[in-house]
Enquirer: 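Okay, here's the structure, questions in a sec.
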Protein chains: 2
Amino acid sequence: MSVGTVSNVLNRPDLVAPDTRRRVLDTIDDLGFVRNESARQLRAGRSRTIGLVVLDVSNPFFTDIAHGVETAATANGSVIMLCNSGQAVEREARYLDVLEEQRVQGVLITPVGTDYSRLDVLVKRGTPVVLVDRGTELPNLCSVAVDDVLGGFVAASHLLERGHQRIAFAGGPLALRQVQDRHLGAVKALTDAGQKASDLQIFETTSLTLEAGRRAGEQILDVPEARRPTAVFCANDLMALGVLQAVVSHGLRVPGDVAIVGYDDIDYAAAASVPLSSVRQPRELIGRTATELLLDEIREGTSHQHRRVIFKPELAIRASSDRRRSSRGRARVARRTRPAD
Amino acid sequence: MSVGTVSNVLNRPDLVAPDTRRRVLDTIDDLGFVRNESARQLRAGRSRTIGLVVLDVSNPFFTDIAHGVETAATANGSVIMLCNSGQAVEREARYLDVLEEQRVQGVLITPVGTDYSRLDVLVKRGTPVVLVDRGTELPNLCSVAVDDVLGGFVAASHLLERGHQRIAFAGGPLALRQVQDRHLGAVKALTDAGQKASDLQIFETTSLTLEAGRRAGEQILDVPEARRPTAVFCANDLMALGVLQAVVSHGLRVPGDVAIVGYDDIDYAAAASVPLSSVRQPRELIGRTATELLLDEIREGTSHQHRRVIFKPELAIRASSDRRRSSRGRARVARRTRPAD
DNA sequence: CCACTTTGTTGAAACGTACCAACAATGTTC
DNA sequence: GAACATTGTTGGTACGTTTCAACAAAGTGG
């Protein structure tokens with residue numbers, strides 16, 4: 001029995017006679033033979049894995065994206081390797097090294113910074129890359145994103161429309177493109193409404209977590225009442241949940257004293273102590289689409305035309321912001337007012 | 001320049017003269033050489049990756065564990081490959097195949113079923129396996145778990161102590177060992193308190209998600225008021241959040257009409273519309289410990305002694321269950337009663 | 001100046017697979 | 001029944017590393 005035949009049984013079973021095939025398969029079972037993927041890859045020159053690098057696995061937004069990616073990848077017989085950069089440039093770099101050493105088929109990534117040179121190198125050396133949740137200035141990458149400027153605009157417009165004058169923006173680091181864009185959109189909403197850009201008070205954080213949200217909430221509450229924002233637009237839902245916790249734990253009311261709007265519309269947003277208004281992104285769809293773009297690129301090779309897909313976000317209005325604010329000064333919350341359900 | 005020298009520069013730089021080293025490194029930079037991990041693995045016989053197979057990446061409980069695993073793995077220079085079985089036996093099997101083909105250093109897994117034969121085979125063929133969040137009957141595996149029977153006992157005891165007579169258990173599938181154990185613990189609490197085991201009404205679900213929780217909540221509310229449970233112990237926090245949503249959306253009060261206790265104490269539990277009582281598990285610690293056991297096993301080889309680590313859970317009491325129930329019949333919730341903050 | 005150690009470099013073998021040209025066996029056609 | 005096509009099987013080579021014995025060059029001690 002030659003190794004060539006065994007290889008054929010495994011990879012091109014139609015080439016081998018039925019009973020030989022049987023015999024080989026039985027023996028494989030007997031011996032507990034497991035194909036060595038390393039050798040296979042070495043010979044074939046490429047693997048069956050796709051790298052997915054996200055900013056934060058603890059954020060449901062990204063796990064939902066991962067879900068979409070997995071669906072599309074599995075349908076193609078590929079396996080995904082989920083990497084968590086944790087918004088740290090060095091960790092991201094390390095994972096990219098590992099992925100390149102593994103000769104992955106391609107990489108799906110939400111990059112930490114705006115320095116795309118490492119990705120550029122990756123592409124030049126032949127590993128296709130698709131940006132996720134990030135539009136790109138670079139012409140040599142496919143990308144799937146949501147219009148974050150529009151998202152920020154919609155959120156802030158909604159708050160303005162509800163009569164809020166002093167609006168805060170909480171999130172960070174501002175170096176993160178998503179944060180930047182959402183902020184930009186909010187500023188635009190303000191200026192369009194005749195306010196100054198500087199009227200948007202910024203509470204910058206170092207990350208976008210529940211904990212960071214709580215701290216930002218504390219800071220906001222530290223502002224003297226006369227100047228304290230009556231509404232907060234948070235760069236994502238984890239932040240918003242944190243702010244909500246801080247506000248509630250200080251005995252203030254949402255949206256009575258402080259209205260809150262989040263971003264992503266993760267499942268927990270609707271389940272929060274006060275159901276959270278949020279800018280919805282098609283998370284699974286983003287993941288699926290990105291994967292399909294990547295698979296296309298892998299198949300098409302050099303003839304591939306890069307594409308940018310941009311989805312439109314939608315505002316889900318819930319209790320945390322759904323009340324009209326009285327127009328003059330700080331509204332006193334009457335004690336008899338029923339809390340929003 | 002021989003390949004051997006290059007290999008030495010990369011792996012045992014002290015063996016090679018400083019200026020040769022320089023020259024090699026410069027050339028590597030010039031040429032954009034990237035080490036081929038497949039070839040390296042093929043030659044070395046094993047990889048630097050550790051497989052982590054979890055039941056549900058969307059569940060923060062598991063991403064927190066993943067976090068702990070990553071910390072410990074990175075410290076060791078290993079890379080983790082995060083796989084999501086989604087509580088499906090076939091997907092789990094497929095991932096195990098892939099991991100074995102990749103010749104991973106070892107596997108950390110929360111298995112879907114109770115059939116350990118596949119894992120047994122893996123171990124026999126030389127891939128160390130450590131069970132996560134699951135004790136084991138098998139003597140040939142390390143494991144890190146939390147005493148789920150105790151957890152269930154503590155949760156149910158707390159509800160009994162608060163005066164609840166009709167308690168429900170929501171979660172599933174019961175085939176999941178974690179669910180089984182938590183249920184068992186709850187039953188024990190009831191019988192210890194002189195009730196019958198059958199007094200614990202079971203609402204079995206097919207998975208442990210928010211959505212499943214909502215449906216379970218609906219079912220519970222469908223029970224005629226006279227027999228409706230006044231308290232629900234949920235197999236995990238996602239379920240509990242779902243039940244909470246269902247109850248609140250029907251205009252009932254938590255804990256007034258229905259008290260709720262969850263399990264895991266994920267970050268969102270405390271942030272829920274009614275802060276959720278929950279059985280806390282040391283999630284990151286579980287991940288770290290499991291990884292360390294695995295790394296030990298990898299290092300020690302055949303001389304390795306398997307260990308079982310079992311952590312004790314703790315009950316975090318919050319608003320969702322923290323009220324004494326009046327002793328006779330269904331307590332009427334006075335309208336003037338303030339909602340819990 | 002020879003024998004010996006130390007230091008640095010090299011070439012070859014091996015890992016387990018995929019692929020291909022070559023071959024053997026069988027069937028088909030005139 | 002000879003020439004040819006078809007089908008099934010087989011060695012051999014290449015993939016890019018690591019490892020190791022062997023070797024060359026330089027330094028050291030007597």
Side-chain angles (χ1 to χ4, degrees), chain A residues 1-49 77-79 97-105 121-122 125-127 298-299 301, chain B residues 1-49 77-79 96-105 121-122 124-127 298-299 301:
Chain A
M1 181 60 53
S2 88
V3 281
T5 306
V6 176
S7 174
N8 281 336
V9 168
L10 260 34
N11 302 302
R12 285 123 39 143
D14 43 313
L15 281 192
V16 61
D19 62 332
T20 316
R21 205 188 309 159
R22 263 258 65 77
R23 223 147 38 89
V24 171
L25 289 175
D26 286 354
T27 315
I28 282 180
D29 243 33
D30 269 19
L31 269 55
F33 167 85
V34 175
R35 171 168 51 196
N36 186 323
E37 185 65 19
S38 305
R40 170 181 245 239
Q41 281 181 29
L42 174 60
R43 176 62 228 220
R46 49 167 232 295
S47 68
R48 295 184 307 150
T49 43
S78 298
V79 177
D97 288 347
V98 171
L99 292 174
E100 197 170 11
E101 285 175 2
Q102 307 247 37
R103 300 290 190 276
V104 291
Q105 291 186 292
V121 172
L122 210 61
R125 292 202 197 115
T127 306
I298 291 166
R299 274 190 285 269
Chain B
M1 181 61 53
S2 88
V3 282
T5 305
V6 176
S7 174
N8 281 336
V9 169
L10 260 34
N11 302 301
R12 284 123 41 145
D14 42 313
L15 281 192
V16 61
D19 63 331
T20 317
R21 204 188 308 159
R22 263 258 65 76
R23 224 146 37 89
V24 171
L25 288 175
D26 286 354
T27 315
I28 282 180
D29 243 33
D30 268 19
L31 269 54
F33 167 85
V34 175
R35 172 169 49 197
N36 187 323
E37 185 66 19
S38 304
R40 170 182 245 237
Q41 281 180 28
L42 174 59
R43 174 64 226 215
R46 49 169 230 295
S47 67
R48 295 184 307 151
T49 44
S78 298
V79 177
L96 287 176
D97 287 348
V98 171
L99 291 174
E100 199 170 9
E101 286 175 1
Q102 307 246 40
R103 300 289 190 276
V104 292
Q105 292 186 291
V121 172
L122 209 61
K124 285 233 178 64
R125 292 202 197 112
T127 306
I298 291 166
R299 274 191 284 269

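Residue numbers start from 1 in every chain, and the chains themselves are labelled A, B, ... in the order their sequence lines are given, proteins ahead of strands. Below, all heavy atoms of this structure are taken into account, side chains as well, without hydrogens, waters or symmetry copies.
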Enquirer: Would you indicate which nucleotide in D:dT10, D:dT18, C:dT9 comes nearest to any side-chain atom of A:Thr5?
Expert: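 Of all the options, the side chain of A:Thr5 is nearest to D:dT10.
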Enquirer: Nearest heavy-atom pair of A:Ala39 and B:Leu42: which atoms, and what distance?
Expert: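 Distance-wise, the nearest heavy atoms are CB-CD1, 3.6 Å.
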Enquirer: Is any side-chain N or O of A:Arg12 closer than 4.0 Å to OP1 or OP2 of C:dC19?
Expert: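 Result: yes.
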Enquirer: What is the separation between atom CG on B:Asn8 and atom C1' on C:dG8, rounded to the nearest whole Å?
Expert: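 Distance check: B:Asn8 CG to C:dG8 C1' gives 10 Å.
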Enquirer: To check you understand the geometry: which heavy-atom pair defines the closest contact between A:Arg103 and A:Ser47, and what is its length?
Expert: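 Minimum heavy-atom separation between A:Arg103 and A:Ser47: O-OG, 3.1 Å.
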Enquirer: What is the distance, rounded to the nearest whole Å, between atom CE of A:Met1 and atom C1' of D:dT10?
Expert: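 Rounding to the nearest Å, CE of A:Met1 and C1' of D:dT10 are 11 Å apart.
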Enquirer: For a quick test of reading the model: is some side-chain N or O of B:Ser7 closer than 4.0 Å to OP1 or OP2 of D:dT18?
Expert: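 For D:dT18, OP1/OP2 do have a side-chain N/O of B:Ser7 under 4.0 Å.
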Enquirer: Nearest whole angstrom, please: distance from the P of C:dC15 to the CD of B:Glu101.
Expert: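 Rounding to the nearest Å, CD of B:Glu101 and P of C:dC15 are 20 Å apart.
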Enquirer: As a quick check of understanding, evaluate side-chain hydrogen bond (donor to acceptor under 3.5 Å, both in side chains) for B:Thr49 and B:Gln102, giving each step before the final call.
Expert: CA-CA 9 Å; B:Thr49 44; B:Gln102 307 246 40; over 6 Å; no
Enquirer: With a 4.5 Å heavy-atom cut-off, do B:Leu99 and B:Leu122 have their side chains touching?
Expert: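 A side-chain contact is absent here, since even the closest heavy-atom pair is not under 4.5 Å.
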Enquirer: Taking the basic N atoms (NZ, or NE/NH1/NH2) and the acidic carboxylate oxygens, is any pair closer than 4.0 Å for B:Arg23 and B:Asp19?
Expert: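 Salt bridge absent between B:Arg23 and B:Asp19.
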Enquirer: For DNA chain D, which residues of residues 16-23 of chain A approach it to below 4.0 angstrom with any heavy atom?
Expert: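 Close to the strand are A:Val16, A:Ala17, A:Thr20.
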Enquirer: Nearest heavy-atom pair of A:Arg125 and B:Val34: which atoms, and what distance?
Expert: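 What the structure gives for the nearest pair is NH1-CG2, 3.3 Å.
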Enquirer: What parts of residues 28-46 of chain A reach DNA chain D, counting only heavy atoms under 4.0 Å away?
Expert: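 Per residue number, the list reads A:Leu42, A:Arg43.
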Enquirer: Could you say whether A:Asn11 or B:Ser2 is positioned toward the 5' end of DNA chain C, judged by the nucleotide with the nearest heavy atom to each?
Expert: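 Here B:Ser2 is the residue nearer the 5' end.
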Enquirer: Atom CG of B:Leu15 to atom C1' of D:dT18: distance rounded to whole Å?
Expert: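 Taking CG of B:Leu15 and C1' of D:dT18, I get 13 Å after rounding.
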Enquirer: Work out which heavy atom in B:Thr20 is nearest to a heavy atom in B:Met1; give both atom names and the distance.
Expert: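 Closest approach of B:Thr20 to B:Met1, heavy atoms only: CG2-CE, 4.3 Å.
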Enquirer: Quick check against the 3.5 Å criterion: does B:Arg35 have a side-chain atom that pairs as donor or acceptor with the backbone of A:Glu101?
Expert: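 No: the side chain of B:Arg35 does not pair with the backbone of A:Glu101.
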Enquirer: Take the protein atom CD of B:Gln102 and the nucleotide atom C1' of C:dG16, then report the distance between them rounded to whole Å.
Expert: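 Rounding to the nearest Å, CD of B:Gln102 and C1' of C:dG16 are 15 Å apart.
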Enquirer: Other residues, nucleotides and ligands only: do more than 12 of their heavy atoms fall within 6.0 Å of CZ on A:Arg46?
Expert: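 No, the 6.0 Å shell around CZ holds no more than 12 heavy atoms from other groups.
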